[in-house]
K.L.:
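Encoded as structure tokens, here's the structure I'll be asking about.
In what follows, residues are counted from 1 in the order of the sequence shown. Scope of the values below: all heavy atoms of this structure, side chains included, with no hydrogens, waters or symmetry mates.
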Amino acid sequence: MNVTHAGLPTEKDLAQRRFAAAVAHELRTPLAGLRAEIEEARLHPGETDLPRLLDAVLRGVARLEAITADLFVLTQVADGGHVRRRPIDLSALARAHAATPDTGPQIRLRAADEVIVDAVPTLLDRLVTNLLDNALRYAKCSIQIQVRRHGTTAELIVTDDGPGIPAADRERVFESFARLDSARCRRRGGAGLGLAIARDIAHAHDGTLHVEGVTRGGARFVLRLPATGHAELLGIPIANHDHSSHGPT
């Protein structure tokens, strides 16, 4: 363990301890629920509603799977420097994620023809997935995804029309297992690591991710990554000509 010159833990050590404590807390809750359900069935086997018990157990297992899967992604992000990156069209990735089922919020896409970034494919896909999952969780009617390029910077912006995030909480939402007092809180599902993972992936790719308010209500997540010169090398124009799908913006 790293220590300061006074023999005290470093800020990194304290952050790791806080994260470990948060993980332990999040794992304890579904495990306790599983134990309670199983012990109740064991004490009263003749009174057990088996379908209800199995549904409860499966929900607990799904929660544990989501947490462990997110923890695995975090280890991948930490090892990102050892994983080969390749040119990825951020616009094409957004188009792949913009397809939605008939039910739920409408997703509208505005994307430039080609916006190329160098990234680890699985990690960039997870970043976009997490941002869209978050928007789907809170949106009332619609979500807008915009991809564009400004000089050497690629931007992906996801905007929802949900309850929004108070200015005081716009950094806290990126903390692992953060709980907000506002209407936009983790109680709506998810393992509590989605936005933390998204920001870690952005940072691992020399980018940034932050959230802004929307005048008419909702939240806007802005991802910025270094754009590459592959578009020019391939003879692809980089002018920001947007093409809309899934209805007007």
Side-chain angles (χ1 to χ4, degrees), residues 1-2 9-80 101 103-105 122-123 125-139 160 162-163 165-166 168-201 203-204 209 211 219 221:
M1 179 182 70
N2 296 324
T10 65
E11 181 57 35
K12 181 179 180 180
D13 292 324
L14 293 175
Q16 289 175 339
R17 290 180 185 179
R18 288 192 294 267
F19 180 73
V23 171
H25 175 76
E26 292 297 320
L27 292 174
R28 186 183 299 117
T29 301
L31 285 172
L34 287 170
R35 175 177 284 278
E37 293 284 353
I38 294 170
E39 287 182 346
E40 180 68 18
R42 185 178 182 183
L43 286 172
H44 309 285
E47 302 174 11
T48 299
D49 183 341
L50 186 58
R52 187 204 65 79
L53 172 64
L54 293 176
D55 287 343
V57 170
L58 286 173
R59 284 194 298 270
V61 170
R63 171 75 175 172
L64 291 171
E65 287 178 337
I67 294 172
T68 54
D70 281 348
L71 292 174
F72 178 70
V73 173
L74 285 174
T75 64
Q76 287 183 304
V77 175
D79 293 336
T103 60
T122 55
L123 294 183
D125 182 78
R126 182 57 178 268
L127 193 165
V128 176
T129 295
N130 287 6
L131 291 182
L132 189 55
D133 283 350
N134 180 77
L136 287 168
R137 189 172 298 130
Y138 296 102
D160 66 66
I165 303 173
D169 291 327
R170 288 175 190 165
E171 278 299 306
R172 290 189 57 217
V173 295
F174 295 105
E175 296 176 3
S176 301
F177 307 116
R179 293 298 195 276
L180 304 185
D181 295 330
S182 66
R184 194 180 183 103
C185 67
R186 303 282 191 192
R187 287 193 297 272
R188 293 201 181 191
L193 285 169
L195 293 178
I197 287 173
R199 175 172 273 188
D200 281 355
I201 293 173
H203 288 174
L209 175 64
V211 62
F221 286 82

K.L.:
To the nearest 0.5 Å, tell me how far Arg126 CZ sits from Thr129 OG1.
P.N.:
7.5 Å

K.L.:
So, using side chain to side chain contact (heavy atoms under 4.5 Å, CB included) as the criterion, who are the partners of Val211 when residues are at least two apart?
P.N.:
Ile165, Arg170, Val173, Phe174, Ala219, Phe221

K.L.:
Residues two or more places apart in sequence or in another chain: which of them pass side chain to side chain contact (heavy atoms under 4.5 Å, CB included) with Leu53?
P.N.:
Glu37, Ala41, Thr48, Leu50, Val57

K.L.:
How would you list, by chain and number, every residue that makes a salt bridge (charged side-chain N to carboxylate O under 4.0 Å, His left out) with Glu39, sequence neighbours excluded?
P.N.:
Arg35

K.L.:
Would you call Leu127 and Leu123 a side-chain contact if the rule is heavy atoms closer than 4.5 Å?
P.N.:
no

K.L.:
For Asp125, which residues count as a side-chain hydrogen bond (donor to acceptor under 3.5 Å, both in side chains) partner, sequence neighbours excluded?
P.N.:
His97

K.L.:
Going by side chain to side chain contact (heavy atoms under 4.5 Å, CB included), name the residues that satisfy it together with Arg42, two or more places apart in sequence or in a different chain.
P.N.:
none

K.L.:
Rounded to the nearest 0.5 Å, what separation is found between the CG atom of Leu209 and the CG atom of Leu195?
P.N.:
7.5 Å

K.L.:
Side chains of Leu27 and Leu64: does their closest heavy-atom pair fall under 4.5 Å?
P.N.:
yes

K.L.:
Give a yes or no on whether the backbone of Gly194 and the side-chain of Asn130 come within a donor-acceptor separation of less than 3.5 Å.
P.N.:
yes

K.L.:
Mind checking what makes salt bridge (charged side-chain N to carboxylate O under 4.0 Å, His left out) contact with Glu171, not counting sequence neighbours?
P.N.:
Arg199

K.L.:
Mind checking the CZ-CG spacing from Arg59 to Leu54? Nearest 0.5 Å is all I need.
P.N.:
11.0 Å

